[in-house]
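Right, one structure below, let's go through it.
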2 protein chains.
Amino acid sequence: MSNAFLQRLTHAAVLSDEELAAVEELCRQPKDVAAKKYLSRDGDEMVSFPVVLSGWAARYQILRDGARQITRLLLPGDAFYFDSSPDGVAIEEVITLSSCRIVNILHADMRRVIDRFPAVGEAMRSYGSMENAVMASWVVNVGRRDALERMAHLICEAHYRLSLVDPKLDEQMFFPLTQDDLADALGLTPVHINRKLQQLRQDQLITLRSKQLIIHDLRSLQQVAGFDSAYLAPRTQTPRDEERLKAIAA
Amino acid sequence: MSNAFLQRLTHAAVLSDEELAAVEELCRQPKDVAAKKYLSRDGDEMVSFPVVLSGWAARYQILRDGARQITRLLLPGDAFYFDSSPDGVAIEEVITLSSCRIVNILHADMRRVIDRFPAVGEAMRSYGSMENAVMASWVVNVGRRDALERMAHLICEAHYRLSLVDPKLDEQMFFPLTQDDLADALGLTPVHINRKLQQLRQDQLITLRSKQLIIHDLRSLQQVAGFDSAYLAPRTQTPRDEERLKAIAA
DNA sequence: CGCTAGGTTGACGATTCTCAAGGTCAGTGG
DNA sequence: CCACTGACCTTGAGAATCGTCAACCTAGCG
């Protein structure tokens with residue numbers, strides 16, 4: 001089973017076998033976490049950062065009136081790395097949306113690897129750029145798209161990001177978000193999500209049932225969303241990357 | 001005249017005189033740029049990244065239908081560092097909102113400094129965390145706050161971030177955003193901005209005239225906004241930081 | 001077999017948008 | 001010196017998207 005985190009970094013920068021192995025070394029003690037569990041809570045001391053190896057999680061904030069806004073999805077390969085204030089205290093909550101396989105990497109350990117292999121630091125910086133691009137696209141999504149476009153865009157983004165880590169992903173995918181989750185991710189109400197979801201179904205664009213999402217017409221869905229994958233386009237993987245990742249996982 | 005970028009990094013991490021001097025070295029050739037000029041355009045090769053030493057700039061995206069969404073404000077001390085795709089191509093546009101003093105730092109030069117002084121890399125990572133926190137708060141702002149709250153929040157954020165770089169900032173500040181800019185930053189229309197701005201004025205919270213903003217009652221404004229500065233709270237500066245920055249600027 | 005999380009539907013209301021017109025003010029050229 | 005221009009701001013009326021409230025349905029699960 002290959003490591004989604006290494007896969008992500010491979011998309012971010014060219015790393016030598018030695019460098020990949022050093023990162024892999026950090027992922028030696030994964031643990032399984034059930035759905036709806038906190039990975040970090042507001043105010044926690046962040047001596048380590050979680051990396052999602054499989055499953056979905058979400059970062060969110062709660063407002064005074066109890067409203068929740070999800071600010072980012074953590075898909076397989078994503079790290080909660082650039083997300084603590086300088087004094088090392090978590091400022092947002094992270095919750096699993098499905099059962100997940102998680103590694104907690106000590107900041108000190110990662111730092112040691114980066115000191116030894118600056119290219120790893122570069123890869124993390126590059127990964128941070130992609131995170132940044134995703135967050136910016138969320139601001140655009142919530143700020144300037146209507147409900148239908150937002151939903152379509154979120155689905156396109158998730159599908160595209162998953163395809164980076166799982167090259168053999170087809171039109172069917174695991175999609176654990178409830179309508180309440182979708183509402184909190186897109187800045188809408190569950191009722192409105194429900195209605196627009198029905199419209200996407202009626203337009204023959206998707207099927208969504210018991211956490212399985214089928215995209216019937218990706219091209220049209222992207223058209224509706226105004227989705228252009230360029231903003232999170234990876235460095236193109238070299239043909240050898242895949243076999244190298246396998247070798248290291250072994 | 002002290003360097004806003006060094007000031008920012010000082011808030012992000014503890015840096016030695018030597019490390020600060022190395023970064024200062026990178027800022028030796030600033031240039032003055034007029035308002036409404038592009039700092040980088042979609043598709044530009046990003047061999048260097050701009051740092052704003054004074055003035056305001058904005059990152060934004062344009063949608064198919066011509067709508068614009070500002071995704072981030074670049075205030076003095078901010079860097080456009082985590083913002084290129086892995087192949088080094090700019091994915092968003094950056095435009096000056098006022099006349100600005102800008103330095104373009106070569107990625108290669110920054111990398112050399114980081115290789116020599118890993119703490120600078122840590123400071124940049126920490127700066128990236130703050131950027132990330134700001135972007136997340138924008139998602140929350142646009143996703144879950146109404147028009148009045150959004151405006152109040154943007155003002156509080158700008159005021160707070162400016163105060164980090166200019167400790168003697170009082171209730172009056174330079175605020176170059178037009179109502180159209182505000183609309184594009186907050187995901188609203190200029191007409192609605194106008195109306196809610198009047199409400200903020202009527203409520204005796206602010207005065208805004210010819211790019212000068214006066215906050216009459218910061219506490220109440222924060223109350224309206226639901227603003228809590230914790231999410232971008234810096235490492236508390238040591239008393240000596242200020243004099244050290246002065247010494248290096250000399 | 002009932003409980004509960006999650007999904008669906010309807011009626012009504014509110015925030016925000018659209019369109020369209022007019023106003024102010026600083027700068028510019030005749 | 002003054003009319004003109006363009007950027008920016010203001011105002012009104014009507015429409016649309018989205019929200020609120022409240023009820024009911026469905027399916028998985030202990």
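In what follows, chains carry the letters A, B, and so on, assigned in the order in which the sequence lines appear, proteins first and then strands, with residues in each chain numbered from 1. Because the structure is a prediction, the values reported are computed rather than measured.
In this entry the distance linking CG of Leu177(A) with P of dA5(C) reads 19 Å, nearest Å. What separates CG of Asp181(A) from P of dG6(C) is a distance of 8 Å, to the nearest Å. Distance, Asp146(A) CG to dT18(C) C1': 15 Å, rounded to whole Å. Atom pair Met151(B):CE and dT16(C):P shows a separation of 12 Å (rounding to whole Å applied). We find that NE2 of His192(B) is positioned 6 Å from P of dC17(C), with the value rounded to whole Å. Atom P of nucleotide dT9(C) and atom CD of Gln199(A) are separated by 14 Å, given to the nearest angstrom. Atom CD1 in Ile193(B) sits about 13 Å away from atom P in dT18(C), given to the nearest Å. Rounded to whole Å, the distance from CZ on Phe175(A) to C1' on dG6(C) is 15 Å.
Contact annotation for Leu188(B): backbone-only contact, meaning every heavy-atom pair under 4.0 Å involves sugar-phosphate atoms and none involves a base. Counting non-hydrogen atoms under 4.0 angstrom, Lys211(A) reaches nothing in the nucleic acid. Note on Arg145(B): nothing from the nucleic acid sits closer than 4.0 angstrom, heavy atoms only.
In this structure, a donor-acceptor pair under 3.5 Å is present between the side chains of Gln198(B) and Asn194(B).
Mapped onto DNA chain C by nearest heavy atom, Arg144(A) and Gln179(A) fall at different nucleotides, with Gln179(A) at the one closer to the 5' end. Of the two residues near DNA chain D, Asp180(B) and Arg195(B), the one whose nearest nucleotide lies more 5' is Asp180(B). Checking Asn194(B) against Leu148(A), the closest nucleotide of DNA chain D that is more toward the 5' end is the one next to Asn194(B).
Candidate nucleotides dC19(C), dT9(C), dC17(C) were compared by shortest atom distance to the side chain of Val191(A), and dT9(C) ranks first. Comparing dA11(C), dG6(C), dT16(C) by their closest approach to the side chain of Thr178(A) singles out dG6(C).
Ion pairing of Lys168(A) with Asp166(A) is present here, as a side-chain N (NZ or NE/NH1/NH2) and a carboxylate O approach within less than 4.0 Å. Note on Asp78(A) versus Arg59(A): no salt bridge recorded, every NZ/NE/NH1/NH2 to OD/OE distance being 4.0 Å or above. A salt bridge between Arg72(A) and Glu131(A) is present, with a side-chain N of the basic residue lying under 4.0 Å from a carboxylate O of the acidic one. Using a 4.0 Å cut-off between charged nitrogen and carboxylate oxygen, Lys37(A) and Asp32(A) do not count as a salt-bridge pair.
The six-membered or imidazole ring of Phe49(B) lies near that of Tyr81(B), with a centre-to-centre distance under 6.0 Å.
Bracketed by its first and final contacts, the part of DNA chain D lying under 4.0 Å from non-hydrogen atoms of chain B reaches from dC8(D) to dA13(D) in 5' to 3' order.
A distance-only check finds a donor-acceptor pair linking the side chain of Gln69(B) to the backbone of Asp184(B) [under 3.5 Å].
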